[in-house]
Amino acid sequence: MQTIFNLDESSQRPTWDEYFLMLAKLAATRSTCLAFPVGAVIVKDRQILATGYNGSPSGSVHCTTQGYCYPGLSSCDASKSMPSRSVHAEANAIAQAAKHGIATTGASIYVTLEPCLSCLKLIISSGIREVFYETPFNKGESIFVRDSFIEDGLVTLKQIHLSNAIAQRGAYFLLNPTSVATATNSLPTQ
């Protein structure tokens, strides 16, 4: 038996946080990093200002193209001493906004991975005040530094997740034509 999504049910409509997180997850599909894909979306007043994903600097050969980050190193996270070649998703989103003259003051950012401290400092310096993330990243002393920024009122961080129903509905929309008339205004899923 198939489950039916009724388009009239508000419970099946993603919240704004779920919507922007799904867009960040889509941005992550463009990642060229071998370690793990990350996506980011900068939003202000529910409008998308810029998106970004992690990967090699613009104009540089992609790690996914050459099959390694550095010769003899399968991915950047395989070494404790070599720095990552990737520009982080948050930095790329902020750079895209700057490149196109888009102010980020008072904006929010949605990311698939909690920002590292370098990106968090960049986020704060760019005027972004809210960070919504899916997966935790910071550990140990990094948490102390992160929390000091929060306590100083420079930024807020909130972990968010997609509900299974919204994720399944999003997958259905990605895998099937959505702009077609239906007799019942319903969408089946697996």
Side-chain angles (χ1 to χ4, degrees), residues 14-58 60 62-64 69 75-162 166-167:
T15 65
W16 285 108
D17 288 344
E18 289 173 319
Y19 173 68
F20 293 124
L21 180 58
M22 285 193 290
L23 293 175
K25 289 169 87 68
L26 283 175
T29 67
R30 293 281 303 155
S31 172
T32 63
C33 179
L34 293 169
F36 45 86
V38 180
V41 177
I42 301 173
V43 176
K44 186 172 183 178
D45 299 326
R46 296 184 178 161
Q47 295 297 308
I48 298 166
L49 303 181
T51 65
Y53 51 87
N54 61 330
S56 304
S58 185
S60 175
H62 299 306
C63 297
T64 52
C69 293
S75 71
C76 294
D77 66 345
S79 171
K80 297 288 184 200
S81 60
M82 293 291 289
S84 172
R85 288 185 68 232
S86 280
V87 178
H88 291 185
E90 306 92 324
N92 267 328
I94 291 167
Q96 284 300 311
K99 187 176 184 178
H100 297 286
I102 300 169
T104 56
T105 302
S108 301
I109 190 166
Y110 290 79
V111 291
T112 59
L113 182 67
E114 178 187 8
C116 69
L117 290 181
S118 293
C119 285
L120 189 57
K121 291 185 279 186
L122 183 61
I123 286 166
I124 292 167
S125 293
S126 71
I128 295 171
R129 295 295 176 242
E130 294 180 310
V131 177
F132 298 91
Y133 66 94
E134 181 179 44
T135 304
F137 174 76
N138 290 301
K139 298 176 186 143
E141 293 177 354
S142 294
I143 291 174
F144 173 78
V145 176
R146 178 201 67 192
D147 289 351
S148 72
F149 294 146
I150 295 168
E151 289 168 12
D152 289 344
L154 300 175
V155 68
T156 62
L157 278 84
K158 181 180 179 187
Q159 185 176 10
I160 58 175
H161 299 284
L162 295 179
I166 293 301

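Quick note: residue numbers are just sequence positions, from 1. Because the structure is predicted, anything quoted here is derived from the model rather than measured.
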Go through the steps for Ile128 and Glu90 under the test side chain to side chain contact (heavy atoms under 4.5 Å, CB included), then give the verdict. CA-CA 11 Å; Ile128 295 171; Glu90 306 92 324; over 6 Å; no
Is the backbone N or O of Ala24 less than 3.5 Å from a side-chain atom of Thr112, with the two atoms forming a donor-acceptor pair by type? no
To the nearest 0.5 Å, tell me how far Lys158 NZ sits from Glu130 CD. 9.5 Å
Rounded to the nearest 0.5 Å, how far apart are CD1 of Ile102 and CG of Leu49? 6.0 Å
Leu21 backbone acceptor or donor facing Glu134 side chain under 3.5 Å: no
Does the pair Thr51 and Leu23 meet the rule for a side chain to side chain contact (heavy atoms under 4.5 Å, CB included), with working shown? CA-CA 9 Å; Thr51 65; Leu23 293 175; over 6 Å; no
Closest approach of Gln96 to Ala50 (non-hydrogen atoms, all atoms of both residues): CB-CB, 4.3 Å
Angle class for the Phe20/Tyr110 ring planes (parallel below 30°, perpendicular above 60°, tilted otherwise)? tilted
Considering non-hydrogen atoms only, spot the tightest contact between Ala40 and Ile109 and give its length. CB-CD1, 4.1 Å
Determine the minimum heavy-atom distance between Ile123 and Ser126, stating which atoms define it. O-OG, 2.8 Å
Ignoring hydrogens and angles, tell me if any N or O in the side chain of Asn138 forms a donor-acceptor pair with the backbone of Pro115 under 3.5 Å. yes
Would a distance-only check, ignoring hydrogens and angles, find a side-chain to backbone donor-acceptor pair under 3.5 Å from Asn54 to Ser31? no
Over 12 foreign heavy atoms within 6.0 Å of CG, Asp45: no
Residues Leu122 and Ile94: closest non-hydrogen pair is CG-CD1, 3.8 Å
Can you find a heavy atom in the side chain of Phe137 that is under 4.5 Å from one in the side chain of Cys116? yes
Spatial distance of atom NZ (Lys121) from atom OG (Ser118) [nearest 0.5 Å]: 5.0 Å
Rounded to the nearest 0.5 Å, what separates atom OH in Tyr133 from atom NE2 in His161? 8.0 Å
Residue pair Leu162 / Met22, side-chain heavy-atom distance below 4.5 Å: yes
I need the Glu141 CD to Arg146 CZ distance, nearest 0.5 Å. 14.0 Å
Taking all atoms of both residues into account, what is the closest heavy-atom pair of Thr15 and Glu18, and its distance? N-OE1, 2.9 Å
Is the number of heavy atoms from other residues, nucleotides or ligands within 6.0 Å of CZ (Arg129) greater than 12? yes
Which atom names give the shortest non-hydrogen contact between Cys119 and Ala91, and what distance separates them? SG-N, 4.4 Å
Any donor-acceptor N/O pair, Lys44 side chain to Thr104 backbone, under 3.5 Å: no
Is there side-chain contact between Leu120 and Val145, with at least one heavy-atom pair below 4.5 Å? no
